[in-house]
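These numbers come from the heavy atoms of this one structure, side chains and all, not from hydrogens, waters or symmetry mates. Throughout, a chain's letter reflects where its sequence line sits, starting with A, and its residues are numbered from 1.
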Protein chains: 2
Amino acid sequence: MSLPHAILTALLEKPSSGLELTRRFDRSIGYFWSATHQQIYRELGKLEAGGLIRALPAEQPARGQKKAYEVLPAGRAELARWTAAAQDPKPLRDTMLLRLRAAAVVGTEGLRADLGRHLRLHEEQLAEYEEIERRDFPPEKDGAEDRLRHLVLRAGIDLETFWTRWLRHALTELPDLPGPSGPGRG
Amino acid sequence: MSLPHAILTALLEKPSSGLELTRRFDRSIGYFWSATHQQIYRELGKLEAGGLIRALPAEQPARGQKKAYEVLPAGRAELARWTAAAQDPKPLRDTMLLRLRAAAVVGTEGLRADLGRHLRLHEEQLAEYEEIERRDFPPEKDGAEDRLRHLVLRAGIDLETFWTRWLRHALTELPDLPGPSGPGRG
DNA sequence: CGCCTCATGTAAGTAGTTACATGATTCA
DNA sequence: TGAATCATGTAACTACTTACATGAGGCG
């Protein structure tokens, strides 16, 4: 039940249409809660039906027309309630770790290439986050204003830093261990 | 499509019944790919129907009877194929980061307590991982055998270390910033 | 027998993904 | 006018979650 609250947050930051939301999810909020446009349109419909947001009455709401939404007081209250409510952290779920564990049984053949590819992808993501930090949070003007947003960005930077380090380490460990179906046998 | 492969890995490590798998998911594989017993039983049925595993013909397979499964050659081949195939990393999806971003808009009221609770939970998980490392991977007998499994455990340890550090940092940043609905206003 | 636990399941609902449909606008 | 793109949506499917059902065996 996080997508509606992600949308409420985005709409409070700036009233938007479905497509604008989709683009903003690609850029900023989607860095830690991604969503496709199909999810967003469906959820906008539910939020409107539930009285948490409303369409800004600009033009006729025909198909193919831009339709912008804003958050109603009930929506802001719901977001505040959800933000403060206790929620258990989700257990880790990571396919690459699972594949490594599987490779311990069926062999590491082919896995090395994808580890290298993941390393490159995480390096790119890290570079993107660091660029955002340089642009939006330069050391001289670290006002209290955006401290929370900076905190969230730091989590992204530190997580990508972890992955790049861990993947590099994994690549040094891997070649010595071809495993049962590796070149040592086949 | 990871659950069937998680189950194949677990069954290759040791043939098991549904309940035994459920328990092992709670302990070890579930640390990075959790699953409930409902998911596991359903998936066991599919894997058996697909000819990737088979029930060990011990007793009559009546309801309420233990039923153990083992992996067939086709299952091992499928797991090897999946492990080696390229897969894109899933984008980060974290509710706490979303809540912090929301708190920047609707205020941090109530969030602080749950940050502290999450810190405790992550500290506990970290302690559990470190205990496993002491028990299963002592420095003196670091044979090449279990290096991959150790690598996976290190990822868990480093990730929990990251979260505890980040949450402590977040707690130092939070009280200065009650936000629009915090004590500064209400 | 009645109750508890073990063990295996079924059913219904929610969330997310993938593929496709349709109207409006722009531009050659 | 036809093609490309913008913008909003529908439909079908897969994965996961939550709640409940059922049989077997042990115990007082």
Could you pull out every donor-acceptor pair under 3.5 Å between side chains of residues 121-129 of chain A and any protein atom, sequence neighbours left out?
{"residue": "His122(A)", "atom": "ND1", "partner": "Glu160(A)", "partner atom": "OE1", "Å": "2.6"}
{"residue": "Glu123(A)", "atom": "OE2", "partner": "Arg168(A)", "partner atom": "NH2", "Å": "3.0"}
{"residue": "Glu128(A)", "atom": "OE2", "partner": "Tyr31(A)", "partner atom": "OH", "Å": "2.4"}

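Rounded to whole Å, atom P of dA7(C) lies 15 Å from atom OH of Tyr69(B). The distance between atom CG of Leu47(A) and atom P of dG9(D), rounded to the nearest whole Å, is 13 Å. We find that CD1 of Ile40(A) is positioned 12 Å from C1' of dG16(C), with the value rounded to whole Å.
Evaluation of the salt bridge (Lys or Arg N to Asp or Glu O under 4.0 Å) rule for Glu43(A) yields no partner, not counting sequence neighbours. Residues meeting the salt bridge (Lys or Arg N to Asp or Glu O under 4.0 Å) test with Glu130(B), sequence neighbours left out: none. Residues satisfying the salt bridge (Lys or Arg N to Asp or Glu O under 4.0 Å) test with Arg23(A), not counting sequence neighbours, are none. Taking the salt bridge (Lys or Arg N to Asp or Glu O under 4.0 Å) definition, one finds that Arg42(B) meets it with nothing, sequence neighbours left out. Partners of Arg27(A) by side-chain hydrogen bond (donor to acceptor under 3.5 Å, both in side chains), not counting sequence neighbours: none found. Not a single side-chain hydrogen bond (donor to acceptor under 3.5 Å, both in side chains) links Arg165(A) to another residue, sequence neighbours left out. Residues meeting the side-chain hydrogen bond (donor to acceptor under 3.5 Å, both in side chains) test with Ser16(A), sequence neighbours left out: Arg24(A).
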Taking only N/O atoms, report every protein-nucleotides 16-20 of chain D pair under 3.5 Å with atom names and distance.
{"residue": "dC16(D)", "atom": "OP1", "partner": "Arg93(A)", "partner atom": "NH1", "Å": "2.9"}
{"residue": "dT17(D)", "atom": "OP2", "partner": "Gln39(B)", "partner atom": "OE1", "Å": "3.2"}
{"residue": "dT17(D)", "atom": "O4", "partner": "Arg42(B)", "partner atom": "NH2", "Å": "3.0"}
{"residue": "dA19(D)", "atom": "N6", "partner": "Gln38(B)", "partner atom": "NE2", "Å": "2.8"}

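Side chains of Ser2(B) and Arg93(A): a donor-acceptor N/O pair is absent below 3.5 angstrom, by distance only.
For DNA chain D, the neighbouring residues in residues 12-23 of chain A, judged by any heavy atom under 4.0 Å, are Ser17(A), Gly18(A), Leu19(A), Arg23(A).
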- Item | Per-nucleotide pairing state of DNA chain D [Watson-Crick or G-U, under 3.5 Å; [ ] pseudoknot-crossing; | other strand] | ||||||||||||||||||||||||||||
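For residues 83-120 of chain A, the set of pairs meeting the ring pair (Phe, Tyr, Trp, His ring centres under 6.0 Å) definition, not counting sequence neighbours, is empty.
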